[in-house]
Amino acid sequence: MAPIRRLVLDVLKPHEPSVLEFSRRVADVDSIEAVNASLIELDNEVQNLKLTFEGTDIEFAAVEDAIEGQGGTVHSVDQVACGDYLVDERPTPQDR
């Protein structure tokens, strides 16, 4: 199967650990080369994060385990890029 090179997840997590610590721990997954974390929404009980991962062959199960191990849950998989290289997004008529 083609390797996963980019993965964008919508994640719900408790307030602790902090976004900084949460992101650093998930970035420690062996198949992850880089991660970006953006706080999307904050309420009294949880934080909603957009996590963007890049690597040469991302192991989704290992990423999910790292998230769940910190009390988080994957709410949705919002983007997946697979193959020999990353495809740059290009505007299409549907984007207007």
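- In this structure the side chain of Val8 reaches within 4.5 angstrom of the side chain of Lys50, judged on heavy atoms.
- Crowding of Arg25 atom CZ: a count of heavy atoms from other residues, nucleotides or ligands under 6.0 Å exceeding 12.
- Transitive grouping of hydrophobic side chains (ILVMFWY, heavy atoms separated by less than 4.5 Å) keeps Leu51 and Val46 in distinct clusters.
- Proximity of a side-chain donor or acceptor of Gln47 to a complementary backbone N or O of Asp43 within less than 3.5 Å is not detected.
- Val63 is not connected to Ile40 by any chain of hydrophobic side-chain contacts under 4.5 Å among Ile, Leu, Val, Met, Phe, Trp and Tyr, and they are in different clusters.
- Val11 has its side chain out of reach of Asn48: every pair of non-hydrogen atoms, C-beta onward, lies at least 4.5 Å apart.
- Minimum interatomic distance between Ser23 and Ala37 (heavy atoms only, all atoms of both residues): OG-CB, 3.1 Å.
- For the pair Val26 and Phe53, the minimum side-chain heavy-atom distance is below 4.5 Å.
- Contact of the Val80 side chain with the Cys82 side chain is registered, since non-hydrogen atoms from C-beta on lie closer than 4.5 Å.
- Within the 3.5 Å criterion, the main-chain N or O of Thr52 finds no donor-acceptor partner in the side chain of Arg6.
- Leu12 and Val74 fall into different hydrophobic clusters, where Ile, Leu, Val, Met, Phe, Trp and Tyr side chains are chained together by heavy-atom contacts under 4.5 Å.
- Annotation for Asp95: atom CG counts as buried by contact number, over 12 foreign heavy atoms lying within 6.0 Å.
- Within 6.0 Å of the NE2 atom in His75, the count of heavy atoms belonging to other residues, nucleotides or ligands does not exceed 12.
- Crowding of Asp84 atom CG: a count of heavy atoms from other residues, nucleotides or ligands under 6.0 Å not exceeding 12.
- Every residue two or more places apart in sequence or in another chain that forms a side chain to side chain contact (heavy atoms under 4.5 Å, CB included) with Glu33 is listed here: Thr56.
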